Number of protein chains: 2
Amino acid sequence: MTDAVLTASRLLVAVSARSLTAVGEDVTLPQFRMLIVLASRGALRAGELADLLAVHPSTATRMADRLVAADLVDRLGNPENRREVIVQLTATGQQLVGDVTRRRRSEIAAIVERMDPQLRGSLVAALRAFARAGGEPGVDSSRDAGALGWS
Amino acid sequence: MTDAVLTASRLLVAVSARSLTAVGEDVTLPQFRMLIVLASRGALRAGELADLLAVHPSTATRMADRLVAADLVDRLGNPENRREVIVQLTATGQQLVGDVTRRRRSEIAAIVERMDPQLRGSLVAALRAFARAGGEPGVDSSRDAGALGWS
DNA sequence: ATACACATTTGTATAATACAAAAGTTGCCG
DNA sequence: CGGCAACTTTTGTATTATACAAATGTGTAT
């Protein structure tokens, strides 16, 4: 059973990576995760961003540096609280996320199209049950789905 | 639907990472992937190893360097063909893989235990159909499952 | 024998990552 | 008010993963 889940999982990761390279743009997968989080949650403090990505704050700082250099995100000072830094997508960043997401969705849709319709329905129910059975405080499914860009 | 698959996928990755850290041992996830491949396929040439892990040959060389230093793999010269290098697990490496795999299986089993038995069965069938529908030359499910240690 | 093809390693560069320490900011308490 | 504690982010430093290009050594076929 785990075998089946893992295979499906690998397939999705492959689709995800392919959609990214297909669009061109020299963005790594971790960087794209950051863009996705910003697209789904809007502007965020650096620390929140690090938490959502489950990385060290310094990692988020440096990843943001590179994305600023690529003109995909902006860093804003917050006049209210000057120790906080707000990160948000630029217009270019928004467009990139949109392009990749569109492509990815169409690839997934094509796969689902090829599935036996009967099985399509049971897939969702079974996976939900699996995730629920494995549910734990640290795993917030809606958050994670968003972070990966599949919400 | 993709949301459901992705959530399940994240859960498995989390289980995998947790099993690894629980065993202690200062091994990274990519390194562990290499150990898993060696455990399931036996001794391999450096190039084969790189192919199976889908990384550049030089990456495999350097990863193997670190695992040799940690006494988890050995590098053997092949007297038959001296341009090839054979990499294989040490006894310590085998034991590490065994420990982590055991722990992981028991975590997965615990999750499956908590699932509605009806859904357990449909999960496998649905996922197989999904993977088949997305099947492509580059994605060999048995290979990938092995590479991730879920075979 | 010579040249081409193959397998691995080395040189070099970048990204992701963590931990520890520094620096600036805010708020509170005496 | 003044200073100290708690917080946010950044910087310093180190390691790993990664790729591409070039070098090295090895086998093979013309």
Side-chain angles (χ1 to χ4, degrees), chain A residues 13-14 16-18 20-21 24-38 43-88 147-148, chain B residues 13-14 16-18 20-21 24-38 43-88 147-148:
Chain A
V13 172
S16 185
R18 205 149 11 102
L20 190 52
T21 58
E25 297 298 336
D26 192 13
V27 174
T28 67
L29 217 50
Q31 284 171 5
F32 191 68
R33 281 214 314 143
M34 180 174 277
L35 298 182
I36 288 290
V37 170
L38 291 171
L44 288 171
R45 289 191 5 249
E48 285 176 332
L49 203 42
D51 284 350
L52 290 170
L53 295 171
V55 298
H56 196 276
S58 63
T59 300
T61 292
R62 279 153 178 154
M63 224 155 76
D65 285 346
R66 295 177 197 115
L67 292 172
V68 167
D71 190 36
L72 294 170
V73 308
D74 281 330
R75 246 203 202 81
L76 311 176
N78 176 359
E80 301 297 312
N81 186 339
R82 288 185 300 180
R83 56 184 166 179
E84 299 179 351
V85 169
I86 304 298
V87 180
Q88 73 177 12
L148 286 158
Chain B
V13 172
S16 187
R18 204 149 10 103
L20 190 52
T21 58
E25 296 299 336
D26 194 13
V27 174
T28 67
L29 218 49
Q31 285 171 6
F32 191 67
R33 281 213 317 143
M34 179 175 277
L35 298 182
I36 288 290
V37 170
L38 291 171
L44 289 170
R45 291 191 3 251
E48 286 175 332
L49 203 43
D51 284 350
L52 290 170
L53 295 171
V55 297
H56 196 275
S58 64
T59 300
T61 292
R62 280 154 177 152
M63 222 155 76
D65 285 346
R66 294 176 198 117
L67 292 173
V68 168
D71 190 36
L72 293 170
V73 308
D74 281 331
R75 244 205 203 80
L76 310 176
N78 177 358
E80 301 298 312
N81 185 340
R82 287 185 302 181
R83 57 184 167 179
E84 299 179 352
V85 168
I86 304 298
V87 179
Q88 72 176 12
L148 286 159

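This structure is a prediction, so every number in the text was calculated from the model and none was measured. Numbers restart at 1 for each chain; the letters A, B, ... are given by sequence-line order, proteins then strands.
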**Student:** B:Arg45 CZ to C:dC6 P: how many Å, rounded?
**Tutor:** 12 Å
**Student:** Could you check how far CG of B:Asp26 sits from P of D:dA14, rounded to whole Å?
**Tutor:**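 Rounded to the whole Å, the gap is 17 Å.
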**Student:** Does any non-hydrogen side-chain atom of B:Met34 lie less than 4.5 Å from one of B:Leu67?
**Tutor:**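 Yes, close enough: below the 4.5 Å cut-off.
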**Student:** Using every non-hydrogen atom in the two residues, find where B:Val27 and B:Phe32 come nearest and quote the distance to one decimal.
**Tutor:** CG1-N, 3.8 Å
**Student:** Treat primed atoms plus P, OP1 and OP2 as sugar-phosphate and everything else as base, then score nucleotides 9-21 of chain C 5' to 3': B for base contact with protein heavy atoms under 4.0 Å, S for sugar-phosphate contact only, - for none.
**Tutor:** BBBB--SSBBB--
**Student:** Are the side chains of B:Asp74 and B:Val68 in touch, meaning some heavy atoms are under 4.5 Å apart?
**Tutor:**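 Sidechains of B:Val68 and B:Asp74: no contact.
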**Student:** Under 4.0 Å, heavy atoms only, any strand: does A:Glu48 hit a base, just the sugar-phosphate, or nothing?
**Tutor:** nothing
**Student:** Look at the side chain of A:Arg83 and the base of D:dT8, then say whether one donor and one acceptor between them are separated by less than 3.5 Å.
**Tutor:**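 Checked by distance alone, the answer is no.
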**Student:** Distance check, rounded to the nearest 0.5 Å: A:Arg45 atom CZ versus A:Asn81 atom CG?
**Tutor:** 8.5 Å
**Student:** Could you go step by step and tell me if B:Met63 and B:Thr28 meet the side-chain contact (heavy atoms from CB on, under 4.5 Å) rule?
**Tutor:** CA-CA 10 Å; B:Met63 222 155 76; B:Thr28 67; over 6 Å; no
**Student:** Would you mind reading off the distance between A:Glu84 atom CD and C:dT25 atom P, rounded to a whole angstrom?
**Tutor:** 13 Å
**Student:** Just the rounded figure in Å: distance from P of D:dT16 to CZ of B:Phe32.
**Tutor:**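 Rounding to the nearest Å, CZ of B:Phe32 and P of D:dT16 are 18 Å apart.
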**Student:** Rounded to the Å, how far apart are B:Arg82 CZ and C:dC6 P?
**Tutor:** 20 Å
**Student:** Mind calculating the distance between CG (B:Leu53) and P (D:dA19) to the nearest angstrom?
**Tutor:** 11 Å
**Student:** Whole Å only: how far is the CG atom of A:Asn78 from the P atom of D:dC7?
**Tutor:**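 Nearest whole value for this atom pair: 18 Å.
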**Student:** Less than 4.5 Å apart, any side-chain heavy atom of B:Leu44 and any of B:Val87?
**Tutor:**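 Sidechains of B:Val87 and B:Leu44: no contact.
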